[in-house]
Chemist: 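The structure under discussion is supplied below as structure tokens; questions concerning it will follow.
By convention in this document, chain letters (A, B, ...) are assigned in the order of the sequence lines, proteins followed by strands, and residues within each chain are numbered from 1. It should be emphasised that the depicted structure is a prediction, and the values quoted were computed from it without experimental measurement.
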Amino acid sequence: MRDRELTERRLDEAAEITALLRDLLIVRRAEERLSAMFADGEVPGFIHLSIGQEAVSVGVMRALRVEDTLASTHRGHGHAIAKGMPLEGFFSELLAKNEGLCRGRGGSMHVADMSVGMLGANGIVGAGLSIALGSALAHKTLGRNAVAVAFFGDGALAEGLVHECMNLAALWKLPLLFVCENNGWGEFRPTSQQLAFALGDLASAYRIPHRIVDGNDVVAVAEAAEAVVRSIRKGEGPAVLECMTVRVRGHFEGDAQKYRDQAELDAMTERDPIRVVCERLAACGVNDTDLDGLTREVDAVIEAAVAAARRGTDPDPVAARHDVYTDGAAA
Amino acid sequence: MRDRELTERRLDEAAEITALLRDLLIVRRAEERLSAMFADGEVPGFIHLSIGQEAVSVGVMRALRVEDTLASTHRGHGHAIAKGMPLEGFFSELLAKNEGLCRGRGGSMHVADMSVGMLGANGIVGAGLSIALGSALAHKTLGRNAVAVAFFGDGALAEGLVHECMNLAALWKLPLLFVCENNGWGEFRPTSQQLAFALGDLASAYRIPHRIVDGNDVVAVAEAAEAVVRSIRKGEGPAVLECMTVRVRGHFEGDAQKYRDQAELDAMTERDPIRVVCERLAACGVNDTDLDGLTREVDAVIEAAVAAARRGTDPDPVAARHDVYTDGAAA
Amino acid sequence: MTEIRYLKAVNTALSDAMDADPSVVLMGEDVGEAGGPFGASRGLLERFGPSRVLDGPISEAALAGAAVGAAMSGLRPVVEIMFMDFTTLVMDAMVNQAAKVRFMFGGQTSVPMVLRTPHGGGLGAGPQHSQCLEAWFAHVPGLKVVCPSDPASAYGLLRAAIADPDPVVFVENKALYAMKGEIADPPAPFAIGRAAIRRSGTDVTIVAYGAAVHTAGTAADRLAERGVSAEVVDLLSLQPWDEATVLASLSRTHRLVIVHEAVEAFGVGAEIAARMAQVGFDELDGPIMRVGAPFMPVPFSKGLEAAYMPSVDAVLQAVDKTLE
Amino acid sequence: MTEIRYLKAVNTALSDAMDADPSVVLMGEDVGEAGGPFGASRGLLERFGPSRVLDGPISEAALAGAAVGAAMSGLRPVVEIMFMDFTTLVMDAMVNQAAKVRFMFGGQTSVPMVLRTPHGGGLGAGPQHSQCLEAWFAHVPGLKVVCPSDPASAYGLLRAAIADPDPVVFVENKALYAMKGEIADPPAPFAIGRAAIRRSGTDVTIVAYGAAVHTAGTAADRLAERGVSAEVVDLLSLQPWDEATVLASLSRTHRLVIVHEAVEAFGVGAEIAARMAQVGFDELDGPIMRVGAPFMPVPFSKGLEAAYMPSVDAVLQAVDKTLE
Ligand SMILES: Cc1ncc(C[n+]2csc(CCOP(=O)(O)OP(=O)(O)O)c2C)c(N)n1
Ligand SMILES: Cc1ncc(C[n+]2csc(CCOP(=O)(O)OP(=O)(O)O)c2C)c(N)n1
Ligand SMILES: [Mg+2]
Ligand SMILES: [Mg+2]
């Protein structure tokens with residue numbers, strides 16, 4: 001496919017990579033914590049974890065600035081945390097507290113933080129793409145040098161809206177990055193049974209540059225994202241970044257994944273993003289990464305957020321009723 | 001693009017081509033008649049004519065059998081007539097008579113005749129594709145050796161539903177022929193301003209065989225359609241036939257087309273399907289085609305249909321109210 | 001009589017309908033191998049094979065549209081839309097195609113399809129996975145809409161919906177899936193358009209449908225303790241709905257309360273109330289009261305959601321108000 | 001006071017709003033070069049340029065969805081959907097996104113977008129180009145819905161809708177586009193949520209909106225000839241609607257008739273009737289009557305369509321009925 005010339009800056013400094021590792025660990029440990037709390041019945045509703053896919057969130061976010069925006073999916077914890085949603089507001093929301101960023105009204109599937117440009121997780125597969133499209137349009141129209149990012153899963157590719165958005169983004173040459181987290185699954189079936197096409201071929205039909213990257217290698221994702229975002233920021237129009245990754249947990253917590261091969265499940269650990277980033281560090285000569293220490297450090301931050309969230313209060317139904325409209329009217 | 005081996009039977013017998021010419025003339029003259037009646041205020045509502053595009057309807061229909069089905073568009077007169085909808089029922093419908101095939105309830109945008117597999121014109125751009133998809137599914141599931149055809153315009157390609165249908169048709173390997181009538185326009189703007197992609201590239205992404213054909217050459221359309229339909233009927237899955245054609249009239253009757261180049265308008269006559277088919281006949285040695293005589297013959301048939309339609313009665317509101325549901329209940 | 005769960009009643013109705021008529025096919029996301037996201041089609045792929053149980057991609061609009069075309073070409077498709085909230089994606093197929101085909105083509109054909117979809121809250125599923133949007137469909141000429149309240153009606157109405165020559169929106173309630181109930185052996189179809197009097201009474205008529213029927217029933221129990229005799233009418237069908245039964249009940253009790261889980265404003269209850277304020281006006285001895293969700297999205301938090309869902313107390317207050 | 005046409009009022013409101021606020025942008029099929037399929041945006045591309053007047057492809061869902069994202073990111077988009085029948089394609093954007101963003105994100109942001117779309121029959125446009133579907137949107141918490149009846153309200157409500165911080169569905173009526181009417185100079189915004197009493201009367205209240213306001217007005221003229229004094233209330237806003245004004249009128253006249261072009265069953269009138277049968281019950285001296293379209297698709301034939309559209313005679317009959 002026709003591609004733009006992209007100059008990639010190599011991320012070879014150990015410090016940069018260590019920072020990415022730390023970010024990965026934050027998302028990972030936050031979700032593992034949630035998983036445990038969910039099993040204990042402390043988290044209401046249902047939750048979709050991005051465990052195994054964190055490198056996509058962390059890697060892409062490294063290329064973004066605070067004024068850049070993103071629209072996310074049902075599996076949006078990683079996007080939210082990596083974009084900078086405060087952990088306390090995050091956990092408070094997941095625990096349905098009034099102190100949650102969405103005041104306990106949205107929960108896992110609707111985490112959002114406008115102050116960092118995180119325009120929301122979304123319960124409707126595909127819907128985030130059109131929101132990101134509109135955000136990109138606003139960036140362009142208002143002359144901001146900002147980029148909008150649409151995260152979506154491979155299963156979402158079957159939604160017609162995705163295609164409408166690709167066509168529009170290309171037509172209007174919008175500063176929009178499409179990030180597909182291709183984990184091979186849409187709910188309980190492989191996406192190979194759901195899609196008759198490859199994203200690369202589709203993007204190529206729309207003449208949108210497409211890059212495929214190892215979505216479990218945060219350094220690879222970050223490098224690719226940085227190059228692609230730079231070109232978008234220059235006004236060269238949309239691009240697609242397809243991150244090949246692995247959904248480690250079930251579709252949602254509680255899904256025993258009986259439909260998956262044991263071999264596939266076993267193989268997953270090898271490609272674990274944390275393991276991969278440690279190998280990256282080793283490759284640049286850092287063999288003494290103190291993963292346990294880093295984990296403890298991250299855990300302390302997470303524990304503090306969880307503790308604060310737990311101290312939160314229950315949202316007030318009357319206040320909620322008056323927040324449907326800006327003018328506070330309630331029917 | 002990857003294509004199937006298609007053996008084309010050449011249509012070189014003058015008799016076959018003359019039959020196509022006659023079919024072309026029926027559609028053409030029927031629409032010209034409508035146009036005049038519309039100008040006289042005799043046809044209510046608004047109508048979209050397929051003048052200039054008749055070769056697509058007539059050519060594709062030549063490859064179809066009565067048990068094959070089709071779903072059409074807002075510009076569906078040609079599809080209906082060519083598939084075999086009786087002219088009297090057609091004109092009666094356009095004149096909103098009770099004797100219309102749809103009893104005066106649908107009009108131009110909803111002409112339909114189930115008895116010949118014409119599943120309806122459609123006022124919703126793109127909607128016909130999913131109806132044809134379902135019809136193809138029924139053919140396959142019920143073990144019929146029939147094909148379903150979805151007609152659509154190039155403008156419709158921007159609708160997400162089109163993409164969902166291509167994916168599904170390919171996934172389920174349905175006996176579905178996608179026929180795009182690419183006239184370069186979607187309402188008042190060239191589709192080059194509406195689409196960032198070419199249909200061929202899109203079909204290729206879905207791995208659906210795609211053929212492009214001169215949609216103003218009925219012989220070329222018929223040959224291509226026959227080849228493609230044969231392969232579909234053999235169970236080889238869907239195919240796309242893209243017919244490059246010309247919208248001679250405005251988007252709807254009454255559209256003065258001020259937005260079109262005079263040069264473009266002038267050039268249209270050269271590619272007129274009737275002229276092209278006469279050239280075809282000349283090429284097989286028939287130089288004495290009596291176009292005027294044939295036209296008179298066709299006009300007589302059309303006049304008879306119009307006269308019969310005019311004698312029709314007005315539909316009865318009470319009967320209509322009882323035909324919303326099969327059981328005749330009215331609310 | 002056997003006791004089965006609501007979900008199993010749906011499953012059995014699908015299975016029996018497929019047995020009875022080879023033109024019945026299922027389509028939807030994960031309806032096949034996975035047995036349906038809630039388990040409604042468990043075992044059906046194994047029994048009926050992949051040509052009759054079609055796992056679809058995440059393409060709601062195309063699946064519903066395909067059902068219309070398939071129904072026009074000899075099949076009787078049952079499409080599952082995973083949450084009623086996602087019916088936003090199939091409105092064109094249902095409203096501009098399925099509902100209108102029969103009428104606008106002059107009665108040449110009909111569209112015998114069923115759209116199955118679960119509505120309702122109470123599970124912490126949040127604003128995009130809990131809505132009750134049946135009023136939209138009830139407003140569309142050409143569609144039928146049913147909403148069973150227990151296993152017997154789930155079975156009976158689903159069989160009737162699949163057998164119906166016209167398009168039917170079959171609304172399930174997620175919170176009822178686990179509910180157990182008696183069902184005849186062999187189970188019987190229910191006629192679309194007929195309400196059921198779940199409890200006879202003389203002082204007030206409480207009309208409800210879906211899960212709200214049980215809220216109404218509990219309220220009636222409590223009212224009985226207080227010496228108020230409430231009649232509970234379970235609509236079962238919303239389009240067409242059983243005006244005669246509601247009017248007859250109102251003519252006995254002279255007071256009317258309507259309960260549903262959907263948002264009160266512009267909900268199904270509005271139509272019932274409006275009709276009774278016309279055709280039942282002379283029978284009314286008190287204001288017509290409605291109990292529905294407040295005008296807000298379904299919130300995630302348990303506390304907020306509990307305050308959102310129409311409660312037994314709210315029904316009691318409404319009854320008090322109309323008896324005043 | 002100047003006299004302008006309804007369509008020109010819409011056009012002027014768009015133009016004035018774009019002048020007043022550089023964040024207002026238009027999007028839709030053929031809204032630019034062609035000036036809008038009905039001419040509502042004529043001249044605006046020339047005045048405001050292609051970055052503020054965006055011609056879109058035939059991708060309703062993406063355009064509406066993009067409006068949501070754009071509104072969350074600093075623009076005030078006005079999206080045109082060519083016929084209200086095509087809003088079937090934007091339900092997800094409007095209902096699951098636009099309507100819910102403010103609430104479900106805890107009030108962090110709002111969605112200042114407007115969806116403009118024409119409804120209504122009478123033009124022989126047939127079943128898929130004539131529907132009145134406003135009741136759907138009025139049922140959705142988070143959306144506002146307005147429906148002007150003349151040039152002044154078209155201008156005033158459109159300015160208010162564009163200025164509103166929340167999503168507004170702005171429903172025009174194709175049959176009114178050519179209507180002329182007086183408009184203040186300079187023209188004024190109308191407050192969303194306020195009805196207007198178009199004519200005062202003492203015997204019966206006729207509530208209507210959109211084109212039906214004129215049907216109601218003609219009926220009131222005829223009633224006056226017969227010595228019946230009808231008050232005509234023009235709702236203007238359907239969500240929120242002006243319950244206080246309707247109730248006050250009912251309290252004066254004690255009889256209520258509601259008229260709209262939409263299908264009667266489960267239409268907007270049902271909610272008005274239901275509320276009045278509750279909060280206005282003690283004021284009612286006769287049944288609440290509704291006049292709306294029958295339960296059938298909008299037919300193509302002129303005769304069928306004429307029989308379909310709510311008529312002055314039907315209003316008179318309804319008034320007679322409630323005055324009986
Ligand atoms: C419109 C819509 N259809 C169906 C669903 C149910 N659903 C939730 S996630 C999901 C699978 C999505 O697959 P993919 O996009 O690959 O994301 P992943 O779960 O793999 O991260 C489905 C079908 C939904 N939420 N929205
Ligand atoms: C869903 C929908 N959106 C918009 C329209 C209005 N409309 C009718 S025809 C048309 C253009 C279609 O272009 P194309 O598909 O190329 O068909 P052509 O008119 O060229 O035959 C549009 C936008 C419609 N009928 N349905
Ligand atoms: Mg996936
Ligand atoms: Mg075209």
Chemist: Can you tell me how far CZ of D/F281 sits from CG of C/L284, rounded to the nearest 0.5 angstrom?
Modeler: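 The CZ atom of D/F281 is 5.0 Å from CG of C/L284, to the nearest 0.5 Å.
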Chemist: Measuring from atom CZ of D/F103 to atom CG of C/L304, what distance do you get when rounded to the nearest 0.5 angstrom?
Modeler: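 So the gap between those two atoms works out to 6.5 Å.
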Chemist: Nearest 0.5 Å, please: how far is CG in C/N96 from CG in D/L133?
Modeler: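 Here the rounded value is 8.0 Å.
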Chemist: Shortest non-hydrogen contact from D/T88 to C/M91?
Modeler: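 Closest heavy-atom pair between D/T88 and C/M91: O-CB, 3.5 Å.
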Chemist: Between C/D85 and D/D92, which heavy-atom pair has the shortest distance, and what is it?
Modeler: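 Closest approach of C/D85 to D/D92: O-OD1, 4.4 Å.
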Chemist: Identify which part of D/E264 has an atom lying under 4.5 Å from any heavy atom of chain C, answering side chain, backbone, both or neither.
Modeler: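 Both parts, backbone and side chain.
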Chemist: Counting only non-hydrogen atoms closer than 4.5 Å, does D/V279 touch chain C with its backbone (N, CA, C, O), its side chain (CB onward), both, or neither?
Modeler: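 Neither part.
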Chemist: At a 4.5 Å cut-off on heavy atoms, which part of D/V90 comes close to chain C: side chain, backbone, both, or neither?
Modeler: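 Interface part for D/V90: neither.
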Chemist: Just give me the residue among C/P127, C/A262, C/G269 that pairs up with chain D most often, heavy atom to heavy atom, under 4.5 Å.
Modeler: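 Counting heavy-atom pairs under 4.5 Å, the top option is C/P127.
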Chemist: I need the residue from C/A293, C/A273, C/G126, C/A138 with the largest number of non-hydrogen atom pairs under 4.5 Å to chain D.
Modeler: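 Heavy-atom pair counts peak at C/A138.
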Chemist: Starting at CE of C/M296, measure out to CE of D/M104 and round the result to the nearest 0.5 Å.
Modeler: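 The CE atom of C/M296 sits 13.5 Å away from the CE atom of D/M104.
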Chemist: Is there a side-chain contact between D/V140 and C/F295, using heavy atoms and a 4.5 Å cut-off?
Modeler: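 A side-chain contact is absent here, since even the closest heavy-atom pair is not under 4.5 Å.
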Chemist: What option among C/A99, C/G280, C/G286, C/A61 has the most heavy-atom pairs under 4.5 Å with chain D?
Modeler: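 Result: the option with the highest number of such pairs is C/G286.
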Chemist: Please round to the nearest 0.5 Å and tell me the distance separating atom CD1 of C/I288 and atom CE of D/M276.
Modeler: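 So the gap between those two atoms works out to 12.5 Å.
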Chemist: NE2 of C/H139 to NE2 of D/H139: how many Å apart, nearest 0.5 Å?
Modeler: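 The distance works out to 11.5 Å.
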Chemist: How far apart are the closest heavy atoms of C/E271 and D/F266, and which atoms are they?
Modeler: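 Taking every non-hydrogen atom into account, OE1-N, 2.6 Å.
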Chemist: Please report the shortest heavy-atom distance between C/P141 and D/P297, naming the atom on each side.
Modeler: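 Here C/P141 and D/P297 meet closest at CB-N, 3.9 Å.
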Chemist: Most heavy-atom pairs under 4.5 angstrom with chain D, which of C/K321, C/R290, C/M289?
Modeler: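 Of C/K321, C/R290, C/M289, C/R290 has the most heavy-atom pairs under 4.5 Å with chain D.
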